[in-house]
Amino acid sequence: MIGTFGAAQLAWGTDLEVAVLDNNGAPVSHVVVYALPDRPALGGGHKRSKTTATMGQRDTAFDPHILVVETGTLIGFPNSDRVSHHVYSFSPAKNFQLPLYKGNIYEPLAFDEPGIVTLGCNIHDDMLGYIVVLDTPYFALTDEHGMATIDAIPAGSYTVQSWTARLPAARLPPAQPVKIDTRPVRLTIQFASKLFPAHAHEGSSLTWRDY
Ligand SMILES: [Cu+2]
């Protein structure tokens, strides 16, 4: 029956492909793109799961440089270096310290508030990392061609937003409304302001979907 088939397709949704460009029209990598449902799923629609992710330290750098997770994710901070690190954040979304340590001595921490968590190390001033905590499982980072693909978004209404540390929050582009049905959706986000230079460690960025 055609009607039944149509309903099944709607439940599956489609892919959302987003191109991110700088103020000169050049592609930008390592930009977080995410789709927030206009009507968040009620209890269990999408998980606020106890997924575990890792923000390691390797070669005196946070690894990855940018980690994107859904709200509620547990994150471990294993130190693979021979030197000790002292990881901290003063960000309102997660204010914490892991005093001077080697190895993997601390239990994973729960990231229960959405927001940008900026990480530093008390010992190594050039260590800088970000955890982007989102109230949605629908996110991706742009690749070297400035493309982010968010797979299999359920049908519905969303607002699509972007984040990069290379612009102050006030200069990030406005959210774009997007309707998802069964046809793939392609969207372009262009930054109006000139971006700050990328951090040297940016290349290691990944989302927990890469694990
Ligand atoms: Cu350190």
Side-chain angles (χ1 to χ4, degrees), residues 20 22 27-34 48-137 139-144 146 148 161-172 191 193-211:
V20 178
D22 71 9
V28 187
S29 64
H30 304 103
V31 175
V32 180
V33 176
Y34 57 100
R48 282 177 153 252
S49 67
K50 291 301 176 192
T51 309
T52 303
T54 301
M55 174 53 90
Q57 302 104 57
R58 187 180 299 278
D59 301 331
T60 327
F62 285 105
D63 179 25
H65 178 59
I66 301 172
L67 175 68
V68 190
V69 298
E70 187 177 6
T71 310
T73 300
L74 295 168
I75 302 180
F77 293 81
N79 176 4
S80 303
D81 288 331
R82 291 189 183 179
V83 295
S84 296
H85 297 300
H86 181 135
V87 176
Y88 69 87
S89 155
F90 296 124
S91 302
K94 187 75 179 178
N95 188 324
F96 71 96
Q97 297 218 32
L98 300 175
L100 209 59
Y101 68 104
K102 292 179 186 171
N104 194 15
I105 64 169
Y106 293 113
E107 290 293 311
L109 303 176
F111 285 69
D112 290 329
E113 296 288 330
I116 308 298
V117 179
T118 304
L119 304 174
C121 170
N122 270 357
I123 313 299
H124 305 100
D125 285 342
D126 62 332
M127 284 178 69
L128 172 65
Y130 300 97
I131 298 173
V132 179
V133 186
L134 300 174
D135 271 342
T136 175
F139 53 75
L141 278 163
T142 56
D143 63 15
E144 66 271 31
Q161 300 183 41
S162 57
W163 179 84
T164 173
R166 297 174 61 190
L167 282 178
R171 280 198 259 156
L172 292 171
F191 296 126
S193 308
K194 185 171 158 59
L195 294 166
F196 297 133
H199 190 270
H201 300 151
E202 187 183 74
S204 69
S205 304
L206 83 177
T207 70
W208 63 262
R209 290 182 176 203
D210 295 325
Y211 281 76

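Just so you know, ligand 1 is whichever comes first in the structure, and atom 1 is the first atom listed for that ligand.
- The Cu ion (ligand 1) has no N, O or S atom of H86 under 2.8 Å away, backbone or side chain.
- Nearest N, O or S atom of H85 to the Cu ion (ligand 1): atom ND1.
- Remark: aromatic rings of F96 and Y106 are distant, center separation not under 6.0 Å.
- No hydrogens or angles considered: nothing links the side chains of Y88 and Q97 as a donor-acceptor pair under 3.5 Å.
- Its N, O or S atom nearest to the Cu ion (ligand 1) is what matters here, and for H124 that atom is ND1.
- Taken to the nearest 0.5 Å, the CG atom of L167 stands 5.5 Å off from the CG atom of L172.
- The distance from the NE2 atom of H85 to the OG1 atom of T60 is 5.5 Å, given to the nearest 0.5 Å.
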